[in-house]
Chemist: 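This is the structure I have questions about; it appears just below.
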There are 2 protein chains.
Amino acid sequence: MANPIDRSIINISVDCVIFGFDENEIDLKVLLIERGEEPFFGQMALPGDLVNIDENIDESAKRVLRELTGLDDIFLEQLFTFGNITRHPLGRVVTVTYYALIKPSDFDLLPSGFATMAEWRSISEIRELAFDHFKILSTALTRLKGKIRYQPIGFNLLPEKFTLTQLQSLYETILDTDFDKRNFRKKILSMDMLIPLNEKQKGVAHRAARLYKFDMERYDKLQTLGFNFAL
Amino acid sequence: MANPIDRSIINISVDCVIFGFDENEIDLKVLLIERGEEPFFGQMALPGDLVNIDENIDESAKRVLRELTGLDDIFLEQLFTFGNITRHPLGRVVTVTYYALIKPSDFDLLPSGFATMAEWRSISEIRELAFDHFKILSTALTRLKGKIRYQPIGFNLLPEKFTLTQLQSLYETILDTDFDKRNFRKKILSMDMLIPLNEKQKGVAHRAARLYKFDMERYDKLQTLGFNFAL
DNA sequence: TCAAAAGTGTTCTTATTACACCCATGG
DNA sequence: CCATGGGTGTAATAAGAACACTTTTGA
């Protein structure tokens with residue numbers, strides 16, 4: 001970590017689990033940095049660092065993420081706080097973790113600080129991470145899968161205009177399952193949250209699909225009424 | 001708080017939201033202490049205190065709860081971490097909060113430490129609390145209501161042998177709603193998690209109800225298969 | 001003309017809701 | 001004998017699951 005750990009006190013840090021999903025890609029990715037500093041020098045880790053005394057922890061998470069990876073203006077949701085005595089080799093560090101799901105192609109990565117590298121890595125290929133970050137990642141993945149069934153996470157992962165097949169494959173990738181095409185369409189359209197456009201895909205070597213966009217106003221209304229997005 | 005706040009560092013505390021439900025009682029309660037110390041001297045607050053450097057935060061929550069209220073051996077679940085700069089008047093304190101739902105009559109309250117009193121208070125009557133504890137309480141209540149629909153919280157709130165009406169009124173109280181008696185029974189019995197006993201209530205001035213107990217083995221199995229307790 | 005994905009309905013099964021009367025017990 | 005809560009079934013509706021062929025497009 002960039003700030004020094006004080007062995008005489010409980011230090012507090014934030015760590016961010018940024019999931020990435022791009023259309024055309026088949027798997028879910030996570031943003032990792034390579035550490036240019038001890039401990040775990042040269043190993044991959046979640047972006048994270050100590051909280052400053054004069055910043056709210058939510059703001060701290062945003063700052064740390066920006067400083068290490070260049071990602072800015074991301075909606076982070078709090079995940080869990082990990083506080084075991086032994087989780088950091090240099091002292092006592094309680095970490096508040098956050099997660100988000102974004103579209104990698106919307107952002108440029110710019111590693112700096114003690115991050116010598118910032119990269120998207122496929123979830124399925126990750127075997128180990130610095131500290132207890134692998135455990136944090138697993139916790140985040142479980143939460144994401146649970147959450148996406150009830151909340152329209154994912155609206156920000158598609159282009160403004162998208163096809164129903166794109167939407168379906170987004171859900172299939174994140175939930176790691178398959179849906180019946182007709183049933184998926186029936187359900188998603190019955191929610192009345194998509195606006196069909198008088199536009200079609202162009203330049204595809206097959207029948208062009210109709211494009212849709214999200215009806216945010218309608219969605220917000222349904223949310224407040226306790227609407228359920230389950231599939 | 002009992003330990004002194006150090007203004008030069010970020011202090012870390014735990015706070016516990018202990019919900020209480022007793023049969024025969026119509027409303028949901030929460031365990032509060034009266035503070036015998038500044039700040040907020042004499043005001044009601046959630047039991048909470050600073051974390052020691054040599055204890056895990058989960059263990060810290062248990063210890064603090066025990067020291068202030070006498071409650072021991074309670075399964076606490078982490079709720080959320082509140083870390084705004086301004087949340088504590090004497091310095092920077094990030095608090096990790098926990099919650100649980102228990103049956104008050106199973107425990108004796110024994111206030112000590114800086115708690116001059118420890119009491120069960122009806123949720124609906126609480127207007128204000130020390131620090132940001134009212135907000136913490138609201139967050140916990142939302143979480144509890146969400147959670148009880150998918151998890152069998154509540155098994156520990158009833159006597160070992162209970163009637164279906166007791167179970168129903170437990171759910172109705174916590175979710176603040178009403179269920180149709182026949183539909184409730186049909187659904188709960190179809191889950192196959194209750195064992196009907198060859199025993200009846202005694203001493204009631206009406207037809208005696210059959211008693212049931214939970215089939216924990218069966219429940220654990222269903223849990224791992226992704227079972228859903230929704231009502 | 002072929003390959004590739006788009007688009008479209010029906011049937012069957014299962015879950016959810018609404019609803020009202022008789023039963024057993026103790027006071 | 002009455003007040004109190006216990007106990008029971010059915011019909012209607014809604015939601016979910018399974019399933020296969022025709023259409024459009026560009027290469």
Side-chain angles (χ1 to χ4, degrees), chain A residues 22-26 148-150 158-159 161-173 175-213 222 225-231, chain B residues 22-26 148-150 152 158-159 161-173 175 177-213 222 225-231:
Chain A
D22 262 320
E23 330 134 56
N24 321 322
E25 300 276 339
I26 30 164
I148 203 171
R149 291 181 163 274
Y150 303 101
L158 293 170
K161 301 169 182 180
F162 53 87
T163 69
L164 293 181
T165 302
Q166 286 176 309
L167 183 61
Q168 182 173 348
S169 79
L170 166 68
Y171 271 80
E172 289 177 339
T173 302
L175 294 174
D176 197 20
T177 183
D178 293 315
F179 295 109
D180 176 271
K181 183 164 56 160
R182 280 176 286 194
N183 293 341
F184 181 87
R185 283 162 186 244
K186 203 185 307 174
K187 178 132 194 180
I188 210 93
L189 290 175
S190 75
M191 292 178 184
D192 210 16
M193 286 168 27
L194 300 184
I195 302 171
L197 303 172
N198 290 322
E199 263 185 90
K200 299 203 162 179
Q201 275 182 313
K202 279 179 191 156
V204 287
H206 55 77
R207 175 170 176 180
R210 162 164 240 154
L211 295 171
Y212 291 80
K213 65 174 188 175
L222 289 171
L225 297 173
F227 177 66
N228 195 328
F229 199 73
L231 281 168
Chain B
D22 263 318
E23 330 134 55
N24 320 323
E25 301 276 340
I26 29 162
I148 203 171
R149 290 183 164 272
Y150 302 101
L158 292 171
K161 302 170 182 179
F162 53 88
T163 70
L164 293 180
T165 301
Q166 286 176 309
L167 183 62
Q168 181 173 348
S169 81
L170 165 67
Y171 271 80
E172 288 178 338
T173 302
L175 294 174
T177 183
D178 292 315
F179 295 108
D180 176 272
K181 182 165 56 160
R182 279 176 287 196
N183 293 342
F184 181 87
R185 283 160 187 245
K186 202 187 308 173
K187 178 134 194 179
I188 209 93
L189 291 175
S190 75
M191 291 178 185
D192 211 16
M193 283 167 29
L194 300 185
I195 301 172
L197 303 173
N198 290 323
E199 265 185 90
K200 300 204 161 177
Q201 275 181 313
K202 277 179 193 155
V204 287
H206 54 75
R207 176 172 174 181
R210 162 164 239 153
L211 295 170
Y212 291 80
K213 65 174 186 175
L222 289 170
L225 296 173
F227 177 67
N228 196 327
F229 200 72
L231 280 167

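In what follows, chains carry the letters A, B, and so on, assigned in the order in which the sequence lines appear, proteins first and then strands, with residues in each chain numbered from 1.
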Chemist: For R185(B) and dG7(D), is the shortest distance between a side-chain N/O and OP1 or OP2 below 4.0 Å?
Modeler: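 Checking dG7(D) against R185(B), a side-chain N or O does come within under 4.0 Å of OP1 or OP2.
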
Chemist: Using a strict threshold of under 4.0 Å (side-chain N to carboxylate O), is an ion pair present between R210(A) and E199(A)?
Modeler: no

Chemist: By nearest nucleotide on DNA chain D, pick out whichever of R182(A) and R210(B) is the more 5' one.
Modeler: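 Closest to the 5' end, via its nearest nucleotide, is R210(B).
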
Chemist: Would you say R185(B) and S190(B) are linked by a side-chain donor-acceptor pair, where the criterion is simply a distance under 3.5 Å?
Modeler: no

Chemist: Do L197(A) and K213(A) have side chains that approach each other closer than 4.5 Å (heavy atoms only, starting at C-beta)?
Modeler: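 Yes - at least one pair of side-chain heavy atoms lies under 4.5 Å apart.
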
Chemist: Looking at dG7(C), does its base get a donor-acceptor pair with the side chain of K181(A) below 3.5 Å?
Modeler: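 Present.
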
Chemist: Does any donor-acceptor pair link the side chain of K186(B) with the base of dT10(D) at a separation under 3.5 Å?
Modeler: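 When only heavy-atom distances are counted, K186(B) does reach the base of dT10(D) through a donor-acceptor pair under 3.5 Å.
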
Chemist: Shortest non-hydrogen contact from V204(B) to Q201(B)?
Modeler: CG2-OE1, 3.8 Å

Chemist: Tell me the interatomic distance from L189(B), atom CG, to dA15(C), atom P, rounded to whole angstroms.
Modeler: 15 Å

Chemist: Quick one: L211(A) CG to dA6(C) C1', roughly how many Å, whole number?
Modeler: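 About 12 Å, once rounded to whole Å.
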
Chemist: Atom CZ of F184(B) to atom P of dG5(D): distance rounded to whole Å?
Modeler: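 Going from F184(B) (CZ) to dG5(D) (P), I get 17 Å.
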
Chemist: Looking at every heavy atom in both F179(A) and Q168(A), which two are closest together, and how far apart are they?
Modeler: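 Of all heavy-atom pairs spanning F179(A) and Q168(A), the closest is O-NE2, 2.9 Å.
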
Chemist: Considering only dT23(D), dC23(C), dA4(C), which nucleotide approaches the side chain of R207(B) most closely?
Modeler: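 When the side chain of R207(B) is considered, dC23(C) is the closest of dT23(D), dC23(C), dA4(C).
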
Chemist: Using only side-chain N and O atoms of T165(B), determine if any of them is under 4.0 Å from OP1 or OP2 of dG6(D).
Modeler: yes

Chemist: Once you round it to whole Å, what is the distance between P of dG26(D) and NZ of K200(A)?
Modeler: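 For the pair K200(A) NZ and dG26(D) P, the rounded distance is 11 Å.
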
Chemist: Could you tell me how far apart N183(B) (CG) and dT10(D) (C1') are, to the nearest whole angstrom?
Modeler: 11 Å

Chemist: The side chain of H206(B) lies closest to which of these nucleotides: dG26(D), dA5(C), dT4(D)?
Modeler: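 Nearest to the side chain of H206(B) among the choices is dT4(D).
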
Chemist: Report the distance from atom CD1 of I188(B) to atom P of dT8(D), rounded to the nearest whole Å.
Modeler: 16 Å

Chemist: Whole-Å distance between dA18(C) C1' and F179(B) CZ?
Modeler: 15 Å

Chemist: With a 3.5 Å cut-off and just heavy-atom distances, do the side chain of K187(B) and the base of dT17(C) make a donor-acceptor pair?
Modeler: no

Chemist: How many whole angstroms separate atom CD of E199(A) from atom P of dT24(D)?
Modeler: 19 Å

